[in-house]
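Please read these numbers as outputs of a predicted model, since none were measured by experiment. Quick note on labels: first sequence line is chain A, next is B, and so on, each numbered from 1.
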Number of protein chains: 2
Amino acid sequence: MDRRQEILQGATKSFSMFGYKATTMEQVAKLANVGKGTIYNFFTNKEELLQEVVISMIRDMKAEAEQTLSPNASFIENAHNGLMKMLQFREQHLLFAKLIEEEKAIQTPAVKQMLVKIEEEIVTFLADRLRIGIEKKEVRPCNPNLVAYLLLKSYLAMIVDWQLTHEEALHEQEILELFKETIFRGIATAP
Amino acid sequence: MDRRQEILQGATKSFSMFGYKATTMEQVAKLANVGKGTIYNFFTNKEELLQEVVISMIRDMKAEAEQTLSPNASFIENAHNGLMKMLQFREQHLLFAKLIEEEKAIQTPAVKQMLVKIEEEIVTFLADRLRIGIEKKEVRPCNPNLVAYLLLKSYLAMIVDWQLTHEEALHEQEILELFKETIFRGIATAP
DNA sequence: TTGTTGACCGATATCGTAATTTGGTCATTT
DNA sequence: AAATGACCAAATTACGATATCGGTCAACAA
């Protein structure tokens, strides 16, 4: 069995459940069924371990998103499906959500750095898709980076922030509908 | 002279300068030139005193926003101007800024509650404007509360969050353009 | 009688310190 | 050559003594 992979899985689990600060290296070692020292054969320290976990999560997310995108489908359809996919795998974002929560409560530099990295990666991904859409004349000309940023922040607002001030979370359908009726319609070329 | 008003003014000054937690009732009493006991003849406790101060601030904010609204201007222009005014209030109004700062550093329940209330007020204000727009057929039928929430969060993202990860702030023109090209076009009825 | 006040009280916050935990190392084991 | 857990310094927490603060109320003033 791949020890490095075991450690990454254990770390992901612990970071998702307890956050960065409350995760101890011993905890990770236990979850990965290895000795604590073994972790340091693969990762230089706790901070780098978080980095690797985050990089791995980003890779998964991108693969997942990429899978739902079809070159034939229209931009709106792809946007719809991509968003839907992201919404359906909300629990997978547990790590992301936990890091955001931790960043709000206590400012951990390592965590803040990771959140910035995740944000950059997602914005870049979205901006690339937007550029393709613009080339295909499916999306109106616009500043792809700005719009990508707007999309990400809006998405997070509805998924994360909403729950903080409202009793129950929004349903997938509601969020999807909202985006279709606002941003998606706004940036799509008229049919 | 109106003792209640004196107390409110002293409280506003102290909350603005030191925040909620670091404000002592004795401090307020001194600033208002009354004995500490007198405060409790008008306000049941410190928390309610903050509430009253915030309510008074919200009234000012609404008045200011209302002032920028023109019956002649389009919905989009009014929405943008009104929202901008409210958000600029954050920096202009010392109390507002201080509460946000305090909430970020230490989670004081009373402060969090007040910030939620302010958010609610803004969303309600926007939702009302949206309903009027829908009646006037300037805005497509939609869920006004959801769209209002989306608008507020989006504006906050571009004005506040953007600066945290980017060198320089966005210009007001850029923000206006972005929203015109996205959400506003999405919710506006076709011309 | 009505409104004001500051000394007073219990609860909470602050601070210094002892005790514990944790990230990271490394001699020993496998 | 890789894995491990006892070990250490550094950081965190637990805790108790001390100080501060929100809120009360008997005394006082108008």
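- In the hydrophobic clustering, B/L94 connects to no other residue, as no ILVMFWY side-chain heavy atoms lie under 4.5 Å from its own.
- In A/Q107, the CD atom is crowded: over 12 heavy atoms of neighbouring residues, nucleotides or ligands sit closer than 6.0 Å.
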Paired and unpaired positions of DNA chain D as dot-bracket, Watson-Crick or G-U wobble under 3.5 Å, | denoting a partner strand: ||||||||||||||||||||||||||||||

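- Counting to the nearest Å, the P atom of C/dT21 and the NZ atom of A/K46 are 16 Å from each other.
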Protein-to-nucleotide contact annotation, 5' to 3' order, nucleotides 3-10 of chain C [B base; S sugar-phosphate only; - none; under 4.0 Å, heavy atom]: -BBBB---

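- The stretch residues 11-23 of chain B participates, sequence neighbours left out, in these side chain to side chain donor-acceptor pair (under 3.5 Å) pairs: B/S14-B/T23.
- In this structure, the CG atom of B/N45 is 15 Å from the C1' atom of C/dA11, given to the nearest Å.
- One distance of note links CG of B/L83 with CG of B/L156; it measures 8.0 Å at 0.5 Å rounding.
- Counting only residues at least two apart or in different chains, salt bridge (Lys or Arg N to Asp or Glu O under 4.0 Å) contacts with residues 93-114 of chain A comprise A/K98-A/E101, A/K104-A/D161.
- The closest donor-acceptor contact from the side chain of B/N78 to the backbone of B/P71 lies at 3.5 Å or more, if one exists at all.
- Under the salt bridge (charged side-chain N to carboxylate O under 4.0 Å, His left out) rule, A/E52 has a single partner from A/K117, A/R59, A/K46, A/R4, which is A/R4.
- Cluster membership check: B/L69 shares its hydrophobic cluster with B/M86, using side-chain heavy-atom separations under 4.5 Å among Ile, Leu, Val, Met, Phe, Trp and Tyr.
- Non-hydrogen atoms lying under 4.0 Å from DNA chain D are contributed by nothing in residues 106-117 of chain A.
- When DNA chain D is scanned in the 5' to 3' direction for atoms under 4.0 Å from non-hydrogen atoms of chain A, the outermost contacting nucleotides are D/dA3 to D/dT13.
- For the atom pair OH (A/Y40) and CD1 (A/I7), the distance works out to 11.0 Å, reported to the nearest 0.5 Å.
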Side-chain atoms of residues 135-150 of chain B: list all donor-acceptor pairs with protein atoms under 3.5 Å, sequence neighbours left out, distances to 0.1 Å.
unit_1	atom_1	unit_2	atom_2	d
B/R140	NE	B/A188	O	3.3
B/N143	OD1	B/N145	N	3.1
B/N143	OD1	B/L146	N	3.2
B/Y149	OH	A/W162	N	3.2

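- Identified under the salt bridge (Lys or Arg N to Asp or Glu O under 4.0 Å) test for residues 64-93 of chain B, with sequence neighbours left out: B/E66-B/R129.
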Can I get a per-line list of side-chain donor-acceptor pairs under 3.5 Å for residues 173-182 of chain B, giving both atom names and the distance, sequence neighbours left out?
unit_1	atom_1	unit_2	atom_2	d
B/E174	OE1	B/H171	N	2.9
B/E181	OE1	B/R185	NH2	2.9
B/T182	OG1	B/L178	O	2.7

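- Within a 6.0 Å sphere centred on CD of B/Q88, heavy atoms belonging to other residues, nucleotides or ligands number more than 12.
- Contacts of residues 12-24 of chain B with DNA chain D (heavy atom under 4.0 Å): B/T23, B/T24.
- Between the side chain of B/S70 and the backbone N or O of B/N72 there is at least one donor-acceptor pair closer than 3.5 Å.
- The ring pair (Phe, Tyr, Trp, His ring centres under 6.0 Å) check on A/H80 picks up nothing, with sequence neighbours excluded.
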